[in-house]
Amino acid sequence: MTHSRLLQLATNDEGFCFDPRTGETYQLNDTARLVLTELKKGQSEDAAARTLAATYEIPLHEAETDTQEFMQMLRINGVI
Amino acid sequence: MKQTKKLTRPYSKPSMVKLGGPLYAKHGAASNNSVPVRTSISKVPVSELAQKFGSPLFVFSEDAIRNAFTNYTEVFKRFYPKMVFGWSYKTNYLKAICAIFHEEGAIAEVVSDFEYEKARALGVPGEQIIFNGPYKPKAALKRAIEEGAVIHVDSMDEIYQIESIATEIKLTARVGLRVNMNTGVYPQWSRFGLNIESGQAMDAARRLAKAPGIDFEGIHCHIGTFMLSVQAYEIAAEKMANLFLEIESDTGIRLKYIDMGGGFPSKSHLKGVYQSPEVAVPNISEYAIAITSCLKRIFADSELPTLVLEAGRHLIDEAGFLITSVISRKLLPDARRAYVLDAGVNLLYTSTWYRPVFELDGDEGSFLEPAVLFGPLCMNIDVVDNSLMLPPLRVGKRLVLSPVGAYNVTQWMQFIQYRPAVVLVRKNGKVDLIRHKESLEAVENLEVLPEDLQQKQATVLGFKSRNVS
Amino acid sequence: MHVGISGMNATDNPGPGVPVARSLRESGAASRIIGLTYDAHDPGNYMDFMIDHVHRMPYPTKGWNALSEALAHVKKIHEIEAVIPCLDVELPLYIKHQNQLSELGIKTFLPTEDQFSLRSKEKLIKLCADIDIKYPETALVNSIDELQEFADQDPDWPIFVKGRYYKASAAYNLQDAVHKFIEISADWGLPILLQKPVSGIEINLVGLGDGEGGLCGSVAIKKLMTTSIGKIWTGVTIDHPALNDLAERFVSHTKWRGPFELECIQNSEDIFLIEINPRFPAWVYFATGVGINLPERLLRLMQGIDVGRTSEYPVGKYFVRYTYEIVTDINKFFKLASSV
């Protein structure tokens, strides 16, 4: 599932994220930025988790749990 | 190229933090600093301690204890020739801890029959015990009189009781008078001892002076705890010295000592005090000067009385650490991160008033998010800290809390969890276990199950495991 | 000189940092100004025509280690030679550690700890007696019982209920006073001061002490209009010989080192000293604007350069504070919010 709202989010290299619809600003860490980039490319959550696991050489199940948790953060913050 | 750049930073769980949230408010608890790291306590790695003795774990440093005691006693001795130092048992009465203070030259200051027995069992002679406290059972008073301990009386009733015991056993009781007074601090501690301003203290002194079986030796006060006001000690010392002289002129008895109690702060961060402890907490020499210069002034023309002190927190707080680990993580509905730790308010009684320093046992990067730390109790109030900025932590990550050496290992509670082990890092770097982690046997040792209640099993239908036939 | 300045909160409750920076900028005394900010939202952070660079600082509650690390970092990058701390809450830390700062190669010009403690109201009472200036009739109380006793004798309401260092509020009856006693003592401790209000005209003076008893300039003003939270909106310079004398006596008696503000009330016969602020007030640019540039003189004192001591300024100059807006890129905010 792609989240069209995510495409609107503006992020910069320092991990800042601006939601142009609400005006809210967020700070993302490197891994969150990576997952967000993957999602914006249209990748699925699972695929984003795989990229995360491969990039940082961590177990896939950890990447999956963490990606899922990040999705919750996006949801709680009303971004998706 | 990009990939290698990313990998130069260790993995950290994905996180997003909303800017302008409550933790970003001015003068908030949050800081833009990274979280301090502590990998060892007295040169012993935190990981080694936790692996060997488990988590949570209280760790004390022998070096820190001895250094604190030496520094404190040297400061007072520099200003006053006749000093006696008591170690306040209630602050931390683990045997090993008390033994160190006794070895350093402290006498025992106890406040209950339990503490009295502890001191005696540790081999402290009765005459090196000051027996304080509002409740001393008759048997304990009798033993204290027999063993020559100094009893600080808290009420008129206690004076009458000591008179009658001493007469009965035909011995003389060594007695001091606990007094209270207004020193300009709030709240005024008026519940212990007898009040100076209202004349009660003097009435009690007159009684003690002529009471049968009583050797009236000194006066004692303890004006409060974690006292940040040096001036309050100056006021107290002046009132004590004047009372001392008034007792002499009124009864003819010249007492031996003035006991100014304790209450000296540690470098702990009292909640509600904005400035850091290094700014808010006066140096111990300021207290020493306030007390001793006042006594020297008032006793300029006569012999100086012995000055007794009963510090606790100031000597032990900073020598104590608590290692705790992240058990689980969750996201709260307001997007704050929450961690469940294996140590909670059951072990951190003092966290109600003091905010410890939280250190991680390894660098987790500088991306910080607002976090809440919960303890392991199934009680909503079990919150260790509700506004901390932390990097995203993994399960199993260890935190080191300090200073926690004062009061926590005496006021901790055994509620649904075993209390953890306590270890002492010795001067030579060796680590000694000084209290075992509790076991079912230790906790249930005092329980008695009536015979007819033994081996009863619930016979509720439909609440059985499928795997058990 | 490269100078770090705090107090970038040029908001409706303004800190003195931006006016201090402006004074240094206009005189050319500082060749580079680094704003030391606590909050990414502070307006001074965005005033690049006044402040060359901005750094986020750890809150003072974090203590000396955090502060010294941050200052060492700022020094390394911007080669700051001096810092002018402008906020009450950070002064205890800076004052306590001024020697270590100097070891770091960072100059300050601050009051001593003893001088700093004079602003506590108990000490102020004694100081006023020493320098022969009136202080409003004041009672120190440590308990509600004592407050009650005070009320029994002197039911001349309203009275001001004041904290040792901060906070004051008028009470119109005993019940009101008890309420305020609890509120203020909870925040600022004891004793609480009960002060009879002095009616008259409020006048203020900003000055600079050289630490040896000399006054390196002062300007006296009257606030004409204040905002709803009591901050100056418009004001006028005045010539008040008794107030000037007071400033001289204060500085020579205490050997005050650094900037200060005296808050006074003038009634038909006397002036009363109400408060000493151990820093520049946020209206310090008013003094600069009439030719007495105290921040510049402060920098010169740090460098050991003899500064002009004149306090001659035109009387009747008018001060107006106004609002102003900056439109900039949100990336500036992002950068600051993420900086450590």
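For clarity, every value in this text was computed on a predicted model and none was experimentally measured. Every chain is numbered from 1 and lettered A, B, ... according to where its sequence line falls, protein lines coming before strand lines.
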Would you say that more than 12 heavy atoms from the other residues, nucleotides or ligands in this model lie under 6.0 Å from the CD of B/Q414, or not? yes

Exceeds 12 heavy-atom contacts within 6.0 angstrom, atom CD1 of B/I416: yes

Which atom pair, heavy atoms only, marks the closest approach of B/F367 to A/Q27? CZ-O, 3.4 Å

Can you tell me which of B/P333, B/P391, B/P392, B/S12 forms the most heavy-atom pairs within a distance under 4.5 Å of chain A? B/S12

Between chain B and each of A/V35, A/L52, A/T67, A/V79, count heavy-atom pairs under 4.5 Å; write down the option with the most. A/L52

Heavy atoms only, distances under 4.5 angstrom: which of A/E24, A/R75, A/Q72 has the most pairs with chain B? Name it, please. A/E24

Any side-chain heavy-atom pair of [X] and [Y] under 4.5 Å:
| X | Y | result |
| --- | --- | --- |
| B/R337 | A/M73 | yes |
| A/L36 | B/M16 | no |
| B/L19 | A/F16 | yes |
| A/E69 | B/P14 | no |

Toward chain B, the part of A/L28 with a non-hydrogen atom under 4.5 Å: both

Contact class of A/N77 relative to chain B, heavy atoms under 4.5 angstrom: side chain

Say whether, by atom type as modelled, one donor and one acceptor occur between the side chain of A/D66 and the main chain of B/K13 under 3.5 angstrom. no

Pairwise distance CE(A/M71) to CG(B/L331) - rounded to 0.5 angstrom: 13.0 Å

